[in-house]
Engineer: 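Quick one: the structure is below, and I'll ask about it shortly.
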Amino acid sequence: MKADVLLGLQWGDEGKGKIVDVLTPKYNIIARFQGGPNAGHTLVFNNVKHVLHTIPSGIFRENAINIIGNGVVIDPYIFKEEVDKLTAQGIDVASKIILSSKAHIIMPTHKALDEAYENAKGDKKIGSTKKGIGPTYTDKVARHGLRVGDILNNFAERYSECKNNHLQILKNYDYSFDIAAYEKQWFEGIALLQSLRIETTEVLVNKELQAGKSVLCEGAQGTLLDVEFGSYPFVTSSNTVSAGACTGLGISPKAVGEVFGIFKAYCTRVGSGPFPTELFDADGKTMQDVGREFGSTTGRARRCGWLDLVALKYAIMINGVTQLFMMKIDVLNSFDTIKICTKYAYKGSTINYVPDDLENVTPIYEEFKGWKQDLPMSTYEELPAEIKNYITFIEKETGVPLTIVSTGPEREKTIIR
Ligand code: GDP
Ligand code: IMO
Ligand code: MG
């Protein structure tokens, strides 16, 4: 079998958690390949909302094994909180989760460094979730990070060596924090990690694929936050694109099957950085209110704007998307007119590509008639003609079939064509 990859095509929060949960019954294994607790993936079923940060979104379904791959960074403190919550809901996490021995660990001082660096940036701040993501990936690439496998031997010594390095750096910043308070639960988290299955998951995933098992790789963040191809420096510190599934799980490009690209019917962004179609008017406010656009991890208000097809096509190209899933179409139910940015005005000409200085483009829009009705329908055929027209336009422009339309946060509000 080949592994399918599901990832965000915009600036994150496209609805990855919801769709992974919907698709999990078709898969044996759900595997996260990058990012860490900066992610917040929301699932809604039986009238309850669940938010996952590090744990893959297949955890609520029977039978699926959930893998946290080598490309992920794990904060034991936050991980323990997640596991405790799931355990309280009757989920036997230990029997359903496998951790890569090569995944890196977020230390309390990584979090402190993240915060100190952000504070020092003043008005150039990235808008990081301050979960320690950047400093942890920095240590990984600099070759002095701590990995999950390290907790099994000589851990205390390695930990204090890294911590002391960080404390030296922190001395240069006007930043103080109560490390002891955080460390207590953090070490409880380490003990929890020690009790779970820790494996060379790259070997396991390849063996399972060869044995005919199905794997869905779950992305975090979105393509426009990718450290290479996003709106640098306003990005996260990992490869959020489909290639990240290969490095983050140890599978070859030949092992990748479908690439599912998720996008909202409009756009959101949380944190700083360019956002060509951002709205500052009543339409943007409606998207924020109706779409409940507040961060699942930090609670911050998400910036909102029209769908950006230029950026979407770029994301489709980078990822090799084979199927598009469109989310939150219901949020546009009340609009008379809906806009899609199809080109940019840039330095006196019209362009249809994403330049490196995205902050210098002005969007050029095409307008579509709104459908002005609620969407209780459950089949594609029942959808209003205006939505079908919107979808046909996107399919024609991108050349990729749009196979899922999501009309609400709940599992059942999902139309699969
Ligand atoms: P993720 O990070 O990609 O998993 O997305 P988030 O969970 O951070 O944000 C998506 C938000 O939209 C969550 O609150 C979901 O419950 C909600 N959501 C997902 N799909 C839909 C949809 O089709 N309609 C509406 N109204 N909300 C949705
Ligand atoms: P999910 O998986 C939306 C954004 C932050 C900030 C930038 C860098 O839920 O889609 P970081 O903490 O990684 O140093 O922050 O990236 N960001 C996200 N935005 N959804 C996410 O994840 C995000 N993870 C990081 O707001 O702008
Ligand atoms: Mg999210």
Side-chain angles (χ1 to χ4, degrees), residues 6-22 32-45 48-54 56-57 72-73 75 106 110-111 113-115 117-118 121 125-138 218-227 230-238 240 262-275 287-303 325-333 374-375 404-415:
L6 181 146
L7 46 76
L9 298 178
Q10 296 164 324
W11 282 286
D13 303 327
E14 296 89 350
K16 299 174 290 292
K18 169 186 163 162
I19 293 296
V20 170
D21 171 62
V22 167
R32 267 281 299 269
F33 56 88
Q34 46 67 234
N38 49 349
H41 295 181
T42 313
L43 292 70
V44 182
F45 54 89
V48 183
K49 174 173 144 173
H50 307 268
V51 182
L52 297 166
H53 300 287
T54 320
S57 303
V72 177
V73 289
D75 181 335
I106 302 175
H110 282 131
K111 237 175 93 73
L113 284 167
D114 208 3
E115 184 137 10
Y117 293 151
E118 266 294 85
K121 283 198 166 101
K125 72 179 188 324
I126 287 160
S128 161
T129 59
K130 297 181 181 169
K131 301 290 177 195
I133 305 297
T136 306
Y137 279 116
T138 302
E218 175 178 358
Q221 291 80 54
T223 303
L224 304 176
L225 288 171
D226 181 87
V227 67
S231 41
Y232 193 89
F234 302 101
V235 294
T236 190
S237 302
S238 66
T240 61
I262 297 207
F263 68 103
K264 282 180 191 170
Y266 51 101
C267 266
T268 65
R269 172 163 207 172
V270 58
S272 329
F275 180 0
M287 289 172 188
Q288 194 178 68
D289 291 344
V290 179
R292 300 209 179 102
E293 294 297 357
F294 296 90
S296 327
T297 296
T298 57
R300 291 177 294 174
R302 294 177 184 148
R303 302 152 64 192
F325 299 166
M326 183 166 71
M327 312 299 288
K328 302 190 89 161
I329 190 76
D330 54 301
V331 174
L332 303 182
N333 284 352
D374 290 342
L375 304 173
I404 289 184
V405 183
S406 175
T407 60
E410 300 84 6
R411 272 180 183 164
E412 54 279 7
K413 294 202 174 151
T414 312
I415 296 175

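Read the numbers this way: they start at 1 and go in the same order the structure lists the ligands and their atoms. When reading the values below, keep in mind they use all heavy atoms of this one structure, side chains included, and skip hydrogens, waters and symmetry mates. Everything quoted here is computed from the prediction, not taken from an experiment.
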Engineer: Which of the atoms of ligand 2 are close to Gly127, meaning less than 4.0 Å from one of its heavy atoms?
Structural biologist: 5 (C), 6 (C), 26 (O), 27 (O)
Engineer: Under 4.0 Å, counting heavy atoms only: does Ala39 come that close to any atom of ligand 1?
Structural biologist: no
Engineer: Examine the proximity of ligand 2 to Arg269 and report which part, side chain or backbone, both or neither, has a heavy atom under 4.0 Å away.
Structural biologist: neither
Engineer: Which residue holds the protein heavy atom closest to atom 12 (O) of ligand 2, what is that atom called, and what is the gap in Å?
Structural biologist: Thr129 OG1, 2.5 Å
Engineer: Within ligand 2, which atoms have a heavy atom of Arg300 less than 4.0 Å away?
Structural biologist: 5 (C), 26 (O)
Engineer: If we only consider heavy atoms of His53, is any one of them less than 4.0 Å away from an atom in ligand 1?
Structural biologist: no
Engineer: Which residue is it: Gln288, Lys264, Arg303? I am looking for the one with a side-chain hydrogen bond (donor to acceptor under 3.5 Å, both in side chains) to Glu293.
Structural biologist: Lys264
Engineer: Arg292: heavy atom below 4.0 Å from ligand 1, yes or no?
Structural biologist: no
Engineer: Of the protein's non-hydrogen atoms, which lies at the shortest distance from atom 15 (O) of ligand 2, and what is that distance?
Structural biologist: Ser128 CA, 3.4 Å
Engineer: May I ask whether Gly12 has any heavy atom positioned less than 4.0 angstrom from an atom of ligand 1?
Structural biologist: no
Engineer: Any nitrogen or oxygen of Lys16 lying under 3.5 Å from a nitrogen or oxygen in ligand 1? Just yes or no.
Structural biologist: yes
Engineer: Provide the number and element of each atom of ligand 2 under 4.0 Å from a heavy atom of Ala39.
Structural biologist: 1 (P), 2 (O), 9 (O), 22 (O)
